[in-house]
Every structure is written in C-alpha cells, then in structure tokens.
Amino acid sequence: MLELGRLEDLPQDYRDELQSHNLVPLWPSLRGVLPPHIPARQTQATHWPYQSIKPLLLKAGELTPIEKAERRVLVLANPGHGLEKMQASAAMYLGMQLLLPGEWAPSHRHTPNAVRMVVEGDGAWTTVDGEKCPMARGDLILTPTGLWHEHGHEGDQPVIWLDVLDLPLVYYMEASYHLNGDRQATKPGQGDRAYRRGGVVPTPVFGRSGARYPMLRYPWADARAALESLAADRPDLEAVQITYVNPETGEDAENILGFYALMLRPGQTLRLPARSPAIVFHQIEGGTEVQVPAQSFTLAEADTCCAPGYTAVTLHNRSSSEPAFLFIADESPLHRKLGVYEERG
Ligand code: GTQ
C-alpha cells in the first residue's frame with residue numbers, strides 16, 4: 001500500500017498556521033480512521049468474575065449509603081477503552097448494582113436505554129412507567145429511554161443485578177441526561193402476564209396496544225421454558241437461542257442494543273461467526289468456556305465477559321450432563337439500523 005505523507009513532512013510554520021485556523025490535514029490520519037480491511041477496536045475481550053465483584057459490591061453497601069449513591073453500582077469497565085470511560089464496548093455499559101433490604105433507589109428517567117438482568121436475591125422490584133416489576137433471578141426488566149424507573153427492596157437479603165445500558169453511545173452523541181421524579185404511583189397490569197404466550201396478543205375491542213413498550217419484564221422461567229421447548233422440538237438445531245422482542249411488533253425489545261438467551265446442550269460447542277457488533281455474555285446457569293482468538297475465559301455462574309466486534313467466538317458447555325444458559329447483549333440493532341452490520345463467517 002502506498003505510504004501517505006506524515007505530519008512531520010510538513011513545514012512547522014504551515015502546521016502552525018493550519019492549527020491557528022482550526023484546520024487539520026487528513027492524509028497523516030487517513031489510515032487511522034479508515035484502516036484497511038478491519039476496524040481498529042479498543043474493546044478488549046474482558047472477563048469479570050462474579051466472585052471478585054460480589055465482595056467489593058457488598059463492601060460498597062457498607063461504605064456508601066444509598067442516599068449518597070442513588071444507584072450503588074460497580075461498573076464493569078473495559079481496560080481497552082480506559083477504565084474512566086466506564087464502557088464495556090463502543091456502545092455498551094455494564095454495571096453490577098446492589099440494593100440492600102429496605103433501600104430505595106429514587107425515581108428518575110434518562111435518555112439512554114437500560115435493562116436489568118437479575119443475578120441474585122428475592123423481594124426487590126423495579127417500577128417502570130407505573131408498572132411494578134418483581135425481580136427474580138434471571139428475569140430481564142426493560143427501562144427504555146424516557147421511562148420513569150425506581151428500585152425498591154422488601155426482601156431480607158441483598159439483591160444484585162446486572163445493568164446493561166447504551167450509555168456510551170448516547171453520551172458520545174451528546175444526548176445523555178436525566179430527570180429526577182417523585183415516587184411513582186403504580187397502576188394495575190403486568191405486561192408479562194398480558195403477553196404470557198407466544199403467538200397470541202391481547203386484543204381489546206378497541207384495538208391492539210399502542211404502547212411502544214408493551215412488555216417490560218421477561219421472567220426467566222418463561223425464557224428458560226421457551227429454550228427447553230425449542231431444544232426438544234429441534235434436536236438438530238445448533239443454536240438454541242431466543243431474542244427478547246417487543247411482542248406487538250416482533251422487533252428487538254429496545255432500539256439500540258439486542259438481548260438474547262442461549263442454551264448450550266450438555267457438552268455442546270458452538271461457534272459464533274465474526275460479526276461487526278461487540279457482544280457480552282452473562283452466565284445465568286451452568287458454566288461455559290468462552291474462546292476468542294488467543295484467549296479463553298471460564299465463565300462460572302453470574303460471570304460476565306465481552307468480546308469485540310469482527311471476532312469469532314466459540315462457546316463450550318463445560319458440563320456433559322446439564323445444559324448451560326447464557327444471557328447475551330450485543331450492538332446488532334444499532335449496526336443494522338445504521339447499515340454497518342456485517343457477518344464474516
Ligand atoms: O438503575 O437507573 O447502572 O440510571 C446506571 C445508571 C443504573 C439505574 C446504572 C442508572 C441506573
């Protein structure tokens with residue numbers, strides 16, 4: 001490839017003059033912003049074992065009262081981006097949040113979209129847009145852009161969940177802000193009951209729900225049952241995977257990030273092709289060997305890891321007798337909407 005001119009090749013007085021007019025020559029940086037064949041990625045494959053997070057999060061519970069934190073979260077930061085950036089990938093933020101019995105994380109709403117994947121503990125709830133969503137292990141709860149949400153806890157043990165937000169992207173767009181609100185009045189009705197079964201939707205006489213987000217909670221019991229049923233129906237199926245969708249439209253549950261659950265059969269090895277979006281894996285049940293080129297992680301229950309885009313990932317269920325279940329988040333909806341989505345086999 002032809003060598004392009006360097007900045008140092010230009011006379012200093014010319015460079016100074018460009019700078020004084022807020023001008024920059026493209027050619028010394030052209031290959032940097034448009035590298036050959038494959039994008040430069042700051043996202044590094046990173047593993048966050050739950051056993052190293054949990055004691056530090058419980059310690060945060062002792063050190064910082066909820067009133068001083070609003071959200072008591074340890075951020076799973078990718079060293080490739082610099083820890084202070086608080087991002088797991090270009091568009092994904094991950095945080096592990098702790099709520100102690102009796103605590104309340106006050107109502108707010110913000111432009112970034114969020115979801116919670118409940119890791120452990122019973123008796124907590126998130127109220128989203130007036131709907132009180134109970135939190136049980138493996139449940140996925142949406143708090144989409146602009147919807148009021150607050151967290152409370154009526155149980156007697158700590159509750160911990162994983163937050164996934166598109167905060168890095170929305171912040172980069174200079175569109176990230178929040179508003180504080182009052183405690184929400186709760187209204188009757190639960191989306192996960194109204195949309196209890198696939199293939200049928202509630203149809204009041206005056207027409208279908210016009211709500212942009214008709215379903216806010218996806219109970220793990222239902223997602224797990226769907227995976228087991230799919231696996232039993234299709235013994236030949238390689239990827240026993242479901243996507244969390246809006247049941248009215250069939251589209252991804254949120255606008256920017258995609259959410260999935262994957263079941264690995266006992267002993268199964270599954271190769272995921274290289275795709276443009278970065279991907280996050282969180283172990284709900286069982287244990288998985290995650291191989292990215294030149295690295296491998298052993299995910300135990302409640303562990304989380306990420307892989308950059310344009311990278312093939314191989315998953316292996318370490319148990320020869322039990323299935324393994326993973327929660328997956330990725331940047332596919334964003335890449336597809338922007339027209340940059342790519343698969344490379
Ligand atoms: O629970 O509303 O991890 O607003 C980061 C920002 C959680 C939340 C986070 C948030 C929340």
Side-chain angles (χ1 to χ4, degrees), residues 46 48 50 53-54 56-58 60-61 64-78 81 83-121 123-136 139-155 158-173 175-184 186 213 216-218 253-257 259 280 282 302 304 306 327 329:
T46 307
W48 294 274
Y50 187 59
I53 300 173
K54 186 178 172 182
L56 293 168
L57 192 52
L58 292 174
T64 307
I66 192 71
E67 296 75 22
K68 290 277 177 202
E70 261 178 52
R71 300 297 191 260
R72 192 190 289 110
V73 175
L74 292 180
V75 178
L76 282 55
N78 194 303
H81 288 270
L83 299 184
E84 70 290 350
K85 292 282 175 54
M86 299 200 299
Q87 56 194 104
S89 70
M92 289 189 283
Y93 156 105
L94 300 173
M96 207 59 92
Q97 183 162 170
L98 168 70
L99 205 59
L100 295 171
E103 286 186 336
W104 181 59
S107 192
H108 74 181
R109 62 187 188 135
H110 41 68
T111 43
N113 297 272
V115 300
R116 341 253 148 228
M117 167 51 52
V118 183
V119 176
E120 67 170 300
W125 42 266
T126 293
T127 299
V128 189
D129 197 24
E131 179 176 328
K132 190 169 177 177
C133 301
M135 299 176 111
D139 289 355
L140 183 75
I141 294 170
L142 309 186
T143 57
T145 179
L147 298 196
W148 294 107
H149 55 282
E150 62 193 271
H151 316 298
H153 188 8
E154 287 150 12
V159 157
I160 297 176
W161 65 80
L162 177 71
D163 292 315
V164 186
L165 281 79
D166 48 29
L167 177 62
L169 176 76
V170 180
Y171 182 78
Y172 175 75
M173 290 163 62
S176 178
Y177 74 96
H178 89 282
L179 296 172
N180 285 327
D182 297 328
R183 195 180 272 262
Q184 297 170 69
T186 54
Y213 301 101
L216 297 167
R217 172 175 184 249
Y218 297 75
E254 289 186 352
N255 285 328
I256 295 176
L257 302 180
F259 306 102
V280 163
H282 173 80
T304 306
C306 75
F327 168 63

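Keep in mind it's a predicted model, so treat the numbers as computed, not measured. Just so you know, ligand 1 is whichever comes first in the structure, and atom 1 is the first atom listed for that ligand.
Of the protein's non-hydrogen atoms, Arg71 NE, 2.9 Å is the one closest to atom 8 (C) of ligand 1. Of the protein's non-hydrogen atoms, the one nearest atom 7 (C) of ligand 1 is Asp163 OD2, 3.3 Å. Of all protein heavy atoms, the one closest to atom 6 (C) of ligand 1 is Leu165 CD2, 4.0 Å. The single protein non-hydrogen atom nearest to atom 5 (C) of ligand 1 is Tyr93 OH, 3.5 Å, given as residue, atom name and distance.
Ser107 and Trp148 make their closest contact through OG-CE3, 3.8 Å (heavy atoms, listed as atom of the first residue, atom of the second, distance). Residues Pro134 and Asp139 approach most closely at O-OD2, 3.6 Å, considering heavy atoms. Across Glu150 and Asp182, no two heavy atoms sit closer than the pair OE2-O, 4.2 Å. When all heavy atoms of Asn180 and His108 are compared, the pair lying nearest together is OD1-CB, 3.6 Å.
Between atom 10 (C) of ligand 1 and the options His110, Arg116, Glu70, His151, the minimum heavy-atom separation is to His110.
Panel note: side chain Arg116, backbone Ile141; no donor-acceptor pair is recorded below 3.5 Å.
Near Val73, meaning under 4.0 Å from any of its heavy atoms, are these atoms of ligand 1: 3 (O). Listed by number with element, the atoms of ligand 1 under 4.0 angstrom from any heavy atom of Gln97 are 1 (O), 7 (C).
Neither the backbone nor the side chain of His178 has any atom closer than 4.0 Å to an atom of ligand 1 (non-hydrogen atoms only).
Evaluated for a side chain to side chain contact (heavy atoms under 4.5 Å, CB included) with Met96, the options Leu76, Val75, Leu56, Val73 yield exactly one hit, Leu76.
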